[in-house]
Amino acid sequence: MVTKFSNLLNSVFSKWWICLTFLVFSGICFGYLVPNAQKPIFANCSDKKVTKVLDERILTWTADDARQFYEVIGSEGRKAYQMFFLKLDFWFPSMSASLLYISLLSYAFPKGSKYSRLNLLPIFGWLMDVFENINHYTMSGSYPNLSPLSLAVGPIFTLAKWLFVITTPFIALIGFSMRLANKRVKAK
């Protein structure tokens with residue numbers, strides 16, 4: 001079942017033009033849509049040093065970071081943060097990046113190759129982002145009563161998401177290097 005799903009993804013996404021399309025779409029999402037959608041969150045922020053939402057903090061955040069963030073963005077900022085998730089962050093940015101990574105890994109590890117199922121990794125990264133988004137949405141609505149569970153597991157979701165975001169291109173690079181090495185061996 002897992003191999004069949006991996007092969008299906010590989011058949012659909014292992015084309016350079018699909019990879020390029022998702023690269024452009026992800027660039028638009030993260031370079032234009034996300035920054036513009038975040039502006040209302042910080043419109044009335046009482047601390048001008050706070051310019052990033054929690055899920056943009058590489059690699060993760062602490063309970064104190066969360067308390068400070070939700071306090072300084074104020075009531076209107078917390079409402080805007082929830083709208084940010086409902087209108088955009090639940091839907092496009094992470095999904096487009098995950099599809100880009102599925103395409104990249106499908107291209108790097110072709111169907112039938114030993115590591116072709118690595119193209120499933122971005123699904124786990126996307127799930128971590130979904131869990132992270134649900135957590136931030138919930139905390140925005142419950143402030144100042146932030147759940148100890150949210151403060152405990154939220155940083156784990158953020159860390160897991162960033163690990164997938166950072167390591168996936170390196171995994172793809174290893175795949176492309178392996179393909180190039182195999183071509184050289186076969187050419188001899």
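Nothing fancy with the numbering, it's 1 onward along the sequence.
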Between Asn7 and Lys4, is there a donor-acceptor pair closer than 3.5 Å when you use the side chain of the first and the backbone of the second?
no
Can you tell me how far CG of Leu146 sits from OG1 of Thr138, rounded to the nearest 0.5 angstrom?
10.5 Å
So does Val72 get a backbone contact from the side chain of Asp47, meaning a donor-acceptor N/O pair under 3.5 Å?
no
Check the hydrophobic clustering (I, L, V, M, F, W, Y; side-chain heavy atoms under 4.5 Å; chains of links allowed) and say if Ile174 and Leu180 are grouped together.
no
Shortest non-hydrogen contact from Pro110 to Ser116?
O-CB, 3.2 Å
Is there a side-chain contact between Phe30 and Pro35 in this structure, where contact means two heavy atoms from C-beta onward sitting under 4.5 Å apart?
no
Report yes if the side chains of Pro144 and Tyr70 come closer than 4.5 Å at any heavy-atom pair, otherwise no.
no
So, does Glu132 use its side chain to make a donor-acceptor pair with the main chain of Phe157 at under 3.5 Å?
no
Can you check whether Val2 reaches Phe5 side chain to side chain, under 4.5 Å on heavy atoms?
no
Just checking, is any N or O donor in the side chain of Thr60 or Thr158 under 3.5 Å from an acceptor N or O on the other one?
no
Within 45° cone of Phe69 ring axis and under 6.0 Å: Arg78 NZ or CZ
no
Rounded to the nearest 0.5 Å, what separates atom NZ in Lys52 from atom CD1 in Ile58?
5.5 Å
Using only atom types and a distance under 3.5 Å, with no angle test, would you say the side chain of Arg179 pairs donor to acceptor with the backbone of Tyr107?
yes
Looking just at side-chain N and O atoms, do Asn119 and Ser6 make a donor-acceptor pair shorter than 3.5 Å?
yes
Test item: Ser26 side-chain N/O and Leu23 main-chain N/O as donor-acceptor pair under 3.5 Å:
no
Run the numbers on Ser14 and Lys111 for side chain to side chain donor-acceptor pair (under 3.5 Å), then give the verdict.
CA-CA 9 Å; Ser14 67; Lys111 184 168 44 174; over 6 Å; no
Would you say the side-chain atoms of Asn36 and Lys39 include a donor-acceptor pair closer than 3.5 Å?
yes
Please determine whether side-chain contact (heavy atoms from CB on, under 4.5 Å) holds for the pair Met139 and Leu151, giving the CA-CA distance in whole Å, both sets of side-chain angles, and the decisive distance to 0.1 Å.
CA-CA 9 Å; Met139 288 195 304; Leu151 293 171; 4.0 Å; yes
Would Leu118 and Tyr115 count as a side-chain contact (heavy atoms from CB on, under 4.5 Å) here? Give the steps.
CA-CA 6 Å; Leu118 286 173; Tyr115 301 106; 3.7 Å; yes
Interatomic distance, SG@Cys45 vs CD1@Ile73, rounded to 0.5 Å, equals 7.5 Å
Please find the pair of heavy atoms, one from Gly154 and one from Asn135, that lie closest to each other, and give the distance.
CA-ND2, 3.2 Å
Test item: Asn10 side-chain N/O and Phe109 main-chain N/O as donor-acceptor pair under 3.5 Å:
yes
I want to check something: taking the side chain as every heavy atom from C-beta on, are Leu33 and Pro93 in contact at a cut-off of under 4.5 Å?
no
Contact list for residues 31-67, test ring-ring contact (aromatic ring centres under 6.0 Å, His included), sequence neighbours left out
Trp61-His136
Quick one: list whatever passes salt bridge (Lys or Arg N to Asp or Glu O under 4.0 Å) with Lys79, sequence neighbours left out.
Glu76
So, does Ser98 use its side chain to make a donor-acceptor pair with the main chain of Ser94 at under 3.5 Å?
yes
In this structure, would Val12 and Ile123 fall into the same cluster of hydrophobic residues linked by side-chain contacts under 4.5 Å?
yes
ring-ring contact (aromatic ring centres under 6.0 Å, His included) with Phe25: which residues, sequence neighbours excluded?
none
Give me the ring orientation class for Phe22 and Phe13: parallel if the planes are under 30° apart, tilted from 30 to 60°, perpendicular past 60°.
tilted
What's the separation between atom CG in Asn133 and atom CZ in Phe85, rounded to the nearest 0.5 Å?
5.0 Å
Testing the basics here: between Ser103 and Lys15, what is the closest heavy-atom pair and its distance to 0.1 Å?
OG-O, 3.9 Å
Donor-acceptor contact present, side-chain Thr168 to main-chain Phe164, <3.5 Å:
yes
Residues Tyr137, Tyr81; criterion side-chain contact (heavy atoms from CB on, under 4.5 Å); working and verdict:
CA-CA 7 Å; Tyr137 179 87; Tyr81 200 27; over 6 Å; no
Please answer: with hydrophobic residues joined when any side-chain heavy atoms are less than 4.5 Å apart, are Leu159 and Ile166 in the same cluster?
yes
State, to 0.1 Å, how close Gln38 and Glu56 come at their nearest heavy-atom pair, and which atoms those are.
NE2-OE2, 3.2 Å
Measure from the side-chain N and O atoms of Asp55 to the backbone N and O of Asp129, and report whether any donor-acceptor pair falls under 3.5 Å.
no
Heavy-atom neighbours of Lys87 NZ exceed 12 at 6.0 Å
no
Should Leu59 and Tyr101 be counted in the same cluster of Ile, Leu, Val, Met, Phe, Trp and Tyr side chains packed under 4.5 Å apart?
yes
Roughly how far, to the nearest 0.5 Å, is CG of Leu100 from CD1 of Ile18?
11.5 Å
Value for CH2 (Trp126) from CG (Leu121), rounded to nearest 0.5 Å, stands at 15.0 Å
Hydrophobic cluster membership, with links at side-chain heavy-atom distances under 4.5 Å among I/L/V/M/F/W/Y: are Ile156 and Leu127 in one?
no
Side-chain H-bond candidate by donor/acceptor type, Ser142 with Asn145, under 3.5 Å
no
Determine whether the aromatic ring centres of Phe84 and Phe90 lie less than 6.0 Å apart.
no
